[in-house]
Amino acid sequence: MPDLAAMRVRLAEHPWSSVGIAALAGATLGFMLGGAREHVKSTVSTKLGEVLLAGLGALAVRIAKDAALEKLGAIALDWWDEAQSRTARDEPTVPLH
């Protein structure tokens, strides 16, 4: 089983390619399970396929969301640090009373 922490780091480094891979995997599974066919009364095997597809989709969305929020948090922290350093530079060294 792959290391979950390493997988999250890789996904955080490349969030858009991860989303693309998840979409491709979902489309492939959809075509393999017959998403383009005429709707026929579902059997147990297609129900299982639907459950697996829903689970994989939920996992892909969760991973993409986590990666996007982590990236957004890093951007916000960088912005905040830059704003704080800019404010510190702009303040006068002697208080004006």
Quick one: hydrophobic cluster around Trp79, which other residues, with the 4.5 Å side-chain cut-off, linked directly or via members?
-> Trp80

Pairs meeting criterion salt bridge (Lys or Arg N to Asp or Glu O under 4.0 Å) with involvement of residues 57-74, two or more places apart = Arg8-Asp66, Arg62-Asp66

How many angstroms lie between CG in Leu24 and OG1 in Thr28, if you round to the nearest 0.5 Å?
-> 4.0 Å

What pairs meet the salt bridge (Lys or Arg N to Asp or Glu O under 4.0 Å) rule with one or both residues in residues 13-33, with sequence neighbours excluded?
-> none

Atom CG in Leu53, atom CG in Leu48: separation rounded to 0.5 Å?
-> 11.0 Å

